[in-house]
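Values reported hereafter were calculated over all heavy atoms of this structure, with side chains retained and with hydrogens, waters and symmetry mates removed. Sequence lines set the chain letters: A, B, ... in the order given, protein chains first and strands last, and positions in each chain run from 1.
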Amino acid sequence: MTTTAQRQVEPRYDAVAIDRKWQERWERDRIYRVEDDDPRPKWFEMTMYPYPSGDLHIGHWYAMAPSDAHARFRRMQGYNVLHPIGFDAFGLPAENAAISRGVHPYEWTMSNVENMRRQLRSLGAIYDWDREVVCCLPEYYRWNQWFFIKLYEQGLAYRAKAPVVWCPSCQTVLANEQVLNGVCERCDTTITRRDFEQWFFRITDYADELLDFDTLDDWPDKILTMQRNWIGRSEGVEIGFDISDYGLEEREIRTFTTRIDTIFGVTFIVLAPEHPLVAKLTSASKRAEVEAYVEQARAASEIDRLSAEREKTGVFIGASARNRLNNEQVPIYVADYVLTTYGTGAVMGVPAHDTRDFEFARKYRLPIRTVIAPIEWNGREPEEAHIGPGFMTNSGAYDGMTDEEGAIAIANDVERRGWGHRAVTYRLRDWLISRQRYWGTPIPMVYCNECGVQPVPESELPVLLPEDAEFRPTGESPLAINEAFVNTVCPKCGGPGRRETDTMDTFMDSSWYMLRYCTPQFDGGPFEAETAADWMPVQQYTGGAEHAVMHLLYSRFFIKSLRDMGMLDIDEPFMRLFNQGVILGSDHEKMSKSRGNVVNPDDVVGQVGADAVRCFLMFIGPWDQGGPWSDEGINGVVRWLNRVWSLVEYDARELDAHPTDPVAVRDTQRVLHRTIRKCYDDLDKFKFNTSIAALMELVNHLSRVWNDQSVDAGTWRDCIENFLLILAPIAPHVAEELWERNGHAYSVHQQAFPIWDDDLAAEEEITLVVQVNGRVRDRITVSAGIGEDDARQLALDSQRVQAHVDGKTVRNVVYVPGRLVNVVVG
RNA sequence: GCCGAAGUGGCGGAAUGGUAGACGCGCCGGUCUCAAAAACCGGUGGGAUAAUAUCCCGUGUCAGUUCGAGUCUGACCUUCGGCACCA
C-alpha cells in the first residue's frame, strides 16, 4: 500500500552503512572475543539457542536483541561477559523437509544455519562466534552419546515399554504435532498407540531435589509454580485389594490414594486400560466388550482422558476385589480416566468423596457411601462428592475421628498388618529419550544375543549418523533399514551385534549446551572441567516461557546427575531466569505464514537499520509480556534516533554565546542524573521499555534547552556523553558512530556504564497532593524537606479543601511523607 | 479439562496501596513550502460548562478489605502459554 510506504519515516543517517561499518570493525578488532582468563568477574548470560528453521523471524530478534542489550549492560558494568549463541540443529522439521522436498536433513539444516548466522550478525550482538555450538555435528553429539553411556552406567538410563502414537495406515510413529483431532495429518486415519521398548532417564529419582528451588536467585514465581505442579508430589498410602481367589501370580491390586481415610467408602476399583491385570482378570463373558474399550482408549489423547468435563466411561470386567478393611467384595472396572503413568495405574473408587468417582458411580449406578460426614450432614446420599473435612462414619472402629485422625490411624493399621504402606508419588514421569527418527543423535547401544544390551566403548564414539536412511515411513526407525549401520559387533564378546536404531530426544542436546559454550573446542570430553567450573552456573538465562517445565527441568536434572557423577560442583544450571513474551503480528494475532502477518527482519533492518529495530522491539512494552509489531509504531523510534543524531551533531560552543539560566542548568543536571539512575535500575531488571522512555524524556528536555540556549556548553557535553553511554547497549551502532563523531576514543563499548549522583538527582520541590475522603482536591508545590506539621497545616488551609470540608467534621488526617495529605471528613 | 499468566484512551503501554494515562503511535491544529512530504511547535480519556474555573464518570464484570484500590482478597468472563514426540 502506497499510503503505508509514504508514512515510513526514513533515518537521516545511512543506517545500513553504519551497521556494516561497525560490525566489520568490531569483528576485525575482536572486541567481543571472550577470554577465559580475563581478570574481571565472569558473567555468563545465555539466551535459548534457536532452532535453525530457515529464516530468522522477528520473533528471534525479539528474543535476541534485548538479551544482547542486557549482556552489553553487564559488560559496561565491568564484567567479563560470555553471551554465546548456537543452533539447536536436530529435530523433526529437517526430516519433514527431507520427505517433502527431497533435501537431506543435513543439507537443509546447515544451509539454514548459514543463513541464520548472517542474519544474527546483522543484529550487532556481542556473540563470540568462536564459541558457536551446532549440535547436529559429530563433535557435539558424540558427547550426547558419551553422557548417555555415563547415565547408563549410573543406572539412570533404562529400557522399558512405552506407548507411541501410531498411524496404522502410514505404518509409522507420529509426533503429537502430526496428529490433528485424533487423526494422522497425512492420511486422516484415526491414530492408535503401540508399545515399543524405549530408553528412559530416571528424572524421577531427582523429583524431590527438583522441588527445591532455594538456591535459584531469581526465577519467575510462575515458572516455579508450574514446575512444582508438573512434578506434582503427593503423599498417600499404597494399599492392596485382595484378588487371591483368581489364582493369579498377582495376589492383589495395588492402588494409591491420598485419602486413605475414605477407604470404607470404596464401592468399586478402576484399572487403567493399559493395566496388565485387565487381561488377566476379565471374565470370558466380558472379554469382547473390555477389549473393544481398551482399543478405543488407545486412540484417545491424555488431555481428553483427563478432562473433567468429558463424560466418564468404563466397563465392568466381570471380576471383583476384596477391601481388606471391611471384607467387602467390590466390582472391578476399566476406565480411561485412570492413567498407567500415575500412581499404580489403579484407583479405589470412593464416589462419596471424589468428584470423578462420583460421576462414574452415578453413571454406572454404583453405591455411594458417605464415610466422612460433613458438619451438618442430614444422613442422606449427597448431591455431589464431599471433598472437605468431616468426621469418620460408616468406618468401623474409626468412627468419630476427624478425617485427619482417621487417615493417620488407618495408615498405621494398614502398615502394621502388611496390607500396604505410606508412599509418595509424583505426576512427573521418567524422561522418554528414544525417538523413532533419523535426524537425531544415535543412541550408542548394541544388542547382542549372547551378552544382551552393551554400550558402545568410549573409544568408538561418536557413533556416526549415516548419511543414507529411509525417511519415508516403513514401520521401523529410519536407521533400521541401513544394514551397514545396524550390523556391528558386540563390544563385549566380539560376536554379531545390532545397533540401537532409535535416536535421542533433542532435549538431550539442550540439557548441557551451556557447558559446551564454556570450552567449545575441547575434545578430551564434553567440557574442560576447570574452565567450565569458572563460568558455571549460568548467571542469567533468558528465553520463552514455553520451556517452563520440560527443557528447564531436564536441564536441571542433567546438571544434578553430572554433579552426582563428580563432573561438576554445582547444583543448578541457571541461577536467574527471565521469560520474554511473544511478538505478535500487527493484527495482534500470532505470526504465521497462513495469516500473512510475518515480519521479515532483513527487510526492516535494510530500511531503518538494526538499532531502530532493536529499540522498537524493546520499546513495544514489557519484555515479558510480548506485544504486537507495528509498522507505524517503529516510526517513533526512527524519529527519536533522528533527533538524537541532530542533537549530538550540534556544536556545543554555540551555547556559550548566550547567557545561561542557572535554573535550567540545575534542571538539566537533575534530569540527566535521574535518567542515569532510572536506566541503570531498569536495564538491570530487563525493563527496556521504560529505560527507552526515560531516554526519550531526556532527549525532549535537551531539545528544549537547546532551543532556549539556556545551558552552558559543559553541561551540554556532559549530558551528551552520558546519554551515548546509556544508549550504547541498546543501539550499539548509532552510539558507536556518534561517540566517534563526538571526538571520543574508540570504543563506546569498552566504557563503563555511568553512575548517577544522588545529590544532583534530588528534587528540591515536590507536589503535595491534598485529598478529601480520598479524592484529589488540591496540589501544592512545597519544599521537598517539608515537615509533617507544616504539610498538614497547608492542606487544611487550602481553600479548595475547605470548600469540601465546609460544615463537616474532620475525623482524621492521613499524612504520607513527600506525597500526600488525605483529610477524612464525615 | 488441568496447570500458569494477562485484561488500563482510537492503538502499544506508564503508574513502591497514594496525582490514572509517563513515553510513543495515530489523529487534530499551527509554522515552513507554490504545494506535498519531512522537520519543528501545540493539542488529544469520556461527560456537564462560555471556560485552560469547577464538578461528575472512568483501569474486563460483580462483590470485599482500606482514610485511599489499576495495584490486595474472592467469584465470574475473555484472551494467551504449557500439557510430556514442535522446539
Side-chain angles (χ1 to χ4, degrees), chain A residues 6-7 9-10 12 48-51 53 88 90-93 96 164-165 173-179 220-223 225-230 232 301-310 341 427-432 434-437 505-507 510 544-551 553-554 579 581-582 584 586 588 590 616 619-622 624-637 639-640 642-643 646 689-690 692-697 700 703 707 767-776 778-779 800 803 811-814 816 819-826:
Chain A
Q6 278 167 0
R7 281 187 189 145
V9 175
E10 300 276 326
R12 68 173 49 150
M48 290 176 189
Y49 65 171
Y51 179 79
S53 51
D88 186 12
F90 271 139
L92 186 64
N96 288 339
V164 294
V165 180
V173 175
L174 297 178
N176 288 337
E177 193 190 47
Q178 297 171 303
V179 182
D221 285 338
K222 64 167 185 168
I223 302 291
T225 305
M226 279 191 261
Q227 291 207 349
R228 194 177 293 115
N229 293 338
W230 183 261
S301 77
E302 250 176 53
I303 292 174
D304 287 341
R305 282 175 60 170
L306 286 171
S307 168
E309 203 89 314
R310 180 165 166 264
T341 51
R427 210 188 72 95
L428 178 71
R429 312 203 284 254
D430 276 339
W431 176 8
L432 174 61
S434 304
R435 296 292 181 270
Q436 294 71 40
R437 297 272 168 68
D505 178 9
T506 58
F507 279 126
S510 53
E546 68 272 19
H547 291 298
V549 283
M550 304 185 63
H551 161 56
L553 264 182
Y554 292 145
N579 295 117
V582 178
L584 304 172
S586 48
H588 295 215
K590 204 173 153 179
F616 180 59
F619 186 63
I620 287 176
D624 54 349
Q625 279 176 35
W629 176 263
S630 164
D631 292 321
E632 288 174 338
I634 197 169
N635 284 339
V637 292
R639 212 170 270 151
W640 177 62
N642 282 343
R643 295 178 70 193
S646 305
N689 58 326
T690 47
I692 293 174
L695 287 173
M696 286 176 170
E697 286 184 77
N700 291 344
S703 296
N707 288 344
T767 302
L768 185 70
V769 171
V770 185
Q771 300 181 331
V772 178
N773 286 350
R775 315 192 66 132
V776 179
D778 203 358
R779 297 177 174 91
R800 291 182 184 145
R811 303 205 182 273
N812 192 12
V813 178
V814 179
V816 182
R819 284 199 169 268
L820 66 68
V821 176
N822 185 16
V823 181
V824 185
V825 299

Please work out if Pro622(A) contacts a base, only the sugar-phosphate, or nothing of the nucleic acid, heavy-atom cut-off 4.0 Å. sugar-phosphate
Parallel, tilted or perpendicular, judged at 30° and 60°: which one describes the rings of Trp431(A) and Tyr554(A)? parallel
Length of the CD-P vector between Gln227(A) and G82(B), whole Å: 16 Å
Report the residue (His588(A) or Asp221(A)) whose heavy-atom-nearest nucleotide on RNA chain B is the more 5′ of the two. Asp221(A)
Nearest-Å distance, CG (Asn635(A)) to P (G12(B))? 17 Å
Indicate, with a heavy-atom threshold strictly under 4.0 Å, whether Val637(A) touches base, sugar-phosphate, or nothing. nothing
Given atom CG of Leu553(A) and atom P of A84(B), what is their separation to the nearest angstrom? 14 Å
Could you check whether any side-chain heavy atom of Val772(A) comes within less than 4.5 Å of a side-chain heavy atom of Arg800(A), counting everything from C-beta outward? no
Have a look at Ser510(A) and say if it touches a base, only the backbone sugar-phosphate, or nothing, with a 4.0 Å heavy-atom cut-off. nothing
Please determine whether any donor N or O and acceptor N or O are separated by less than 3.5 Å between the side chain of Asn822(A) and the base of C67(B). yes
Please state whether the base of C67(B) and the side chain of Arg811(A) form at least one donor-acceptor pair under 3.5 Å? no
Heavy atoms only, 4.0 Å cut-off, all strands: where does Arg427(A) land among base, sugar-phosphate and nothing? base
Taking Glu632(A) first and then Arg639(A), would you say they form a salt bridge - that is, a charged N and a carboxylate O separated by under 4.0 Å? no
Is Ile223(A) touching bases, backbone alone, or none of the nucleic acid, heavy atoms closer than 4.0 Å? nothing
If I pick the P atom on G74(B) and the same atom on A20(B), what distance separates them, to the nearest angstrom? 26 Å
Inter-nucleotide P distance (C76(B), A5(B)), Å rounded: 16 Å
Taking the P atom of each, how far is C56(B) from G60(B), in whole Å? 22 Å
Consider the side chain of Thr690(A), meaning its heavy atoms from C-beta on, and name the nucleotide among C56(B), G4(B), A14(B) that approaches it most closely. A14(B)
Pair Trp629(A) + Phe616(A): ring centers closer than 6.0 Å: yes
Between C41(B) and C55(B), how many Å separate the two P atoms, rounded to a whole number? 33 Å
Mind checking if Ser630(A) touches a base, just sugar-phosphate, or nothing, with heavy atoms under 4.0 Å? nothing
So what does Gln178(A) touch, heavy atoms closer than 4.0 Å: a base, only the sugar-phosphate, or nothing? nothing
Check this for me: does the side-chain of Glu632(A) come within 3.5 Å of the base of C11(B) through a donor and an acceptor? no
Rounded to whole Å, the CG-P distance (Leu306(A) to G82(B)) equals 18 Å
